[in-house]
Amino acid sequence: MTELAGTTQLLLSRIRDVPDYPEPGVMFKDITPLLADPEAFAALTEALADLAVRHGATKIVGLEARGFILGAPVALRAGLGFIPVRKAGKLPGATLSQSYDLEYGSAEIEVHAEDLAADDRVLVVDDVLATGGTAEASLRLIRRAGAQVAGVAVLMELGFLGGRSKLETALEGAPLEALLTV
């Protein structure tokens with residue numbers, strides 16, 4: 001078994017399916033067992049850090065909230081800075097904000113613009129790519145802050161929701177890497 005196949009199997013084995021959560025008919029992919037397993041969490045961190053290095057990232061952006069859990073150790077492992085992208089109103093001081101549409105309504109995310117510079121290549125890290133709305137907004141925010149996008153890396157892509165196609169334009173040729181696709 002190759003190292004990548006072994007990592008994939010390890011990660012898959014630590015993701016728990018929770019039926020009918022948060023509502024009937026939804027199969028929720030719970031990553032908390034993966035986070036609780038030091039071997040699996042280390043393998044995930046290493047795989048994402050390798051992507052950061054391969055794509056020439058200088059900073060990691062983690063999307064609230066599980067992107068913080070994954071992105072911070074990835075940044076540390078890759079020797080890069082970590083920048084949190086938060087829900088509106090959660091960061092002190094001057095921020096840049098970006099609104100985006102949800103299925104019902106809209107939301108807004110923010111970043112401290114001074115944490116990003118023109119020579120930064122930013123890799124966005126999150127747990128799941130679903131519809132792509134938050135990731136797309138983060139790419140717009142990074143570029144508005146004057147930085148470059150190195151790509152997006154996620155633990156798992158929910159392929160049936162079409163997030164990859166939604167992100168295609170916003171990526172502007174930058175890679176989208178999913179360690180698992182379900």
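Just so it is clear, the structure is predicted and the values come from calculations on it, not from any experiment.
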CG-CG distance between Leu63 and Asp127, expressed to the nearest 0.5 angstrom: 9.0 Å

Reported CD-to-CG distance for the pair Glu110 and Leu96, which is rounded to 0.5 angstrom: 9.0 Å

Rounded distance [0.5 Å steps], CG in Asp126 versus CZ in Phe68: 9.5 Å

Here the pair of heavy atoms bringing Gly71 nearest to Ile60 is O-CG2, 3.7 Å

Is a side-chain donor or acceptor of Glu64 paired with a backbone partner of Pro84 at a separation under 3.5 angstrom? no

Taking the basic N atoms (NZ, or NE/NH1/NH2) and the acidic carboxylate oxygens, is any pair closer than 4.0 Å for Glu168 and Arg164? no

If I compare all heavy atoms of Gly67 with all of Phe82, which pair ends up nearest, and what's the gap? O-CE1, 4.2 Å

Restricting to non-hydrogen atoms, name the atom on Leu123 and the atom on Ala150 that form the minimum distance, rounded to 0.1 Å. N-CB, 4.1 Å

Looking at CG of Leu91 and OG of Ser97, how far apart are the two atoms once the value is rounded to the nearest 0.5 Å? 11.0 Å

Side chain proximity check, Val124 to Ile142, heavy atoms < 4.5 angstrom: yes

Quick one: do Val128 and Leu34 end up in the same hydrophobic cluster if we chain Ile, Leu, Val, Met, Phe, Trp and Tyr together by side-chain heavy atoms under 4.5 Å apart? yes

Under 3.5 Å donor-acceptor pairs involving side-chain atoms of residues 175-182, not counting sequence neighbours:
unit_1: Glu177; atom_1: OE2; unit_2: His55; atom_2: NE2; d: 2.8

Between atom CD1 of Ile15 and atom CE of Met156, what is the distance when rounded to the nearest 0.5 Å? 4.0 Å

Tell me if a side-chain donor or acceptor on Arg77 pairs with a main-chain N or O of Ala47 at a distance below 3.5 Å. no

Taking every non-hydrogen atom, the tightest pair across Tyr21 and Phe28: O-CB, 3.3 Å

Do Leu10 and Ile31 land in one hydrophobic cluster if side-chain heavy atoms of ILVMFWY residues count as linked below 4.5 Å? no

Under 3.5 Å, side chain of Arg14 to main-chain N/O of Phe41, donor-acceptor pair present? no

Please say yes or no: joined through hydrophobic side-chain contacts below 4.5 Å, possibly via intermediate residues, are Val154 and Val74 part of one cluster? no

Determine yes or no for a side-chain-to-main-chain donor-acceptor pair under 3.5 angstrom, with Asp20 supplying the side chain and Gly25 the backbone. yes

Can you sort out the partners of Arg121 under side chain to side chain donor-acceptor pair (under 3.5 Å), two or more places apart, ordered by chain and number? none

Where the side chain of Asp30 meets the backbone of Thr32, is there a donor-acceptor pair that is under 3.5 Å apart? yes

Nearest-0.5 Å distance, NZ of residue Lys59 to CG of residue Leu80: 9.5 Å

